Structures are given as structure tokens and as C-alpha cells.
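In this text, all values refer to a predicted model and were calculated from it rather than measured experimentally. Just so you know, these numbers use all the heavy atoms, side chains as well, and skip hydrogens, waters and symmetry mates.
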Amino acid sequence: MTRFRESIWKERNIKPAKKWCPNCQEYHDSRPGPISIRSLLFALKKIKAIDDKELKDLDKSWKKYRKTFNLDAYGQPA
């Protein structure tokens, strides 16, 4: 999803926000953080793609899967 968001930004020529760096005293492009699995689940619920029960079931199974394979919140090896 993070790559998908970046591709949308690129297609629409959306520029990232600028961030002030106190060390070098210049502005730099900031990057939004990656999208976590749980935030994706909550986004699906928000757009009504899944209901409360599905959210609960998917969240529970994600937590179990994450623990089994020792993954971080983004699905990458911890």
C-alpha cells in the first residue's frame, strides 16, 4: 500500500511536504511513513469495505500471523 500511495503521488505530481532541518538549516522533502497492516484494516472499515466483525477477525488473525512469523507492524521481518 505504501508503494501504491507513492505511485498515486507520482501520477498526480503531488509533492511531499517540506520539513525544516535544524542541523543544516535548510528545507528538505519529508516522506510519510509506511502504511501498517492495522491502519489498512481500519481504513477498510472506514470506507465500509469490511464490517466490525470482519475487522475484529482480521485483526486477530493478523496478530497471530505477525507473532508466528516475527513480523513488525508493516509485515516486514522484525
Side-chain angles (χ1 to χ4, degrees):
M1 287 307 296
T2 303
R3 279 184 256 134
F4 181 64
R5 176 183 59 192
E6 289 172 359
S7 70
I8 291 172
W9 283 25
K10 192 177 225 180
E11 286 174 11
R12 297 179 184 179
N13 200 24
I14 298 171
K15 304 291 183 201
K18 297 286 186 182
K19 186 176 179 181
W20 176 256
C21 177
N23 296 326
C24 67
Q25 303 292 308
E26 291 184 16
Y27 284 99
H28 302 284
D29 289 344
S30 65
R31 287 195 93 142
I35 299 171
S36 71
I37 304 300
R38 289 194 78 212
S39 65
L40 179 61
L41 292 175
F42 285 106
L44 289 172
K45 183 185 177 302
K46 184 176 182 177
I47 64 168
K48 297 182 171 109
I50 60 175
D51 60 20
D52 288 332
K53 184 179 180 342
E54 288 175 305
L55 173 65
K56 185 178 178 183
D57 293 343
L58 288 169
D59 192 33
K60 186 176 179 180
S61 64
W62 163 243
K63 286 179 184 177
K64 184 178 179 182
Y65 184 85
R66 180 180 171 197
K67 187 175 182 181
T68 301
F69 293 99
N70 193 29
L71 302 174
D72 65 7
Y74 310 102
Q76 301 299 315

Self-check item: Carboxylate-amine/guanidinium contact K56 D52, below 4.0 Å
Solution: no
Which side-chain N or O atoms in residues 27-35 pair as donor and acceptor under 3.5 Å with protein atoms at least two apart or in another chain?
unit_1, atom_1, unit_2, atom_2, d
D29, OD1, K18, NZ, 2.8
S30, OG, A17, O, 2.9
R31, NH2, E6, OE2, 3.1

Quiz item: Which pair of non-hydrogen atoms, one from L58 and one from S61, has the smallest distance, and what is that distance?
Solution: O-OG, 3.0 Å
Quiz item: At what distance, to the nearest 0.5 angstrom, does NZ of K10 lie from CD1 of I14?
Solution: 13.5 Å
Quiz item: So how far is it from D57 CG to L41 CG, rounded to the nearest 0.5 Å?
Solution: 11.0 Å
Practice problem: Drop me the distance from K45's NZ to I50's CD1, to the nearest 0.5 angstrom. | Solution: 8.0 Å
Self-check item: Transitive ILVMFWY side-chain link W9 to F4, under 4.5 Å
Solution: no
Quiz prompt | Nearest non-hydrogen partners of R38 and W62, listed with the distance | solution = CG-CD1, 3.9 Å
Exercise. Could I get the full list of salt bridge (Lys or Arg N to Asp or Glu O under 4.0 Å) partners for K46, not counting sequence neighbours?
Key: none
Self-check item: Distance (rounded to the nearest 0.5 Å) between E11 CD and I8 CD1
Solution: 7.0 Å
Practice problem: Start with the C-alpha distance between T2 and R5, add both sets of side-chain angles, then the distance that settles side chain to side chain contact (heavy atoms under 4.5 Å, CB included), and finish with yes or no. | Solution: CA-CA 5 Å; T2 303; R5 176 183 59 192; 3.8 Å; yes
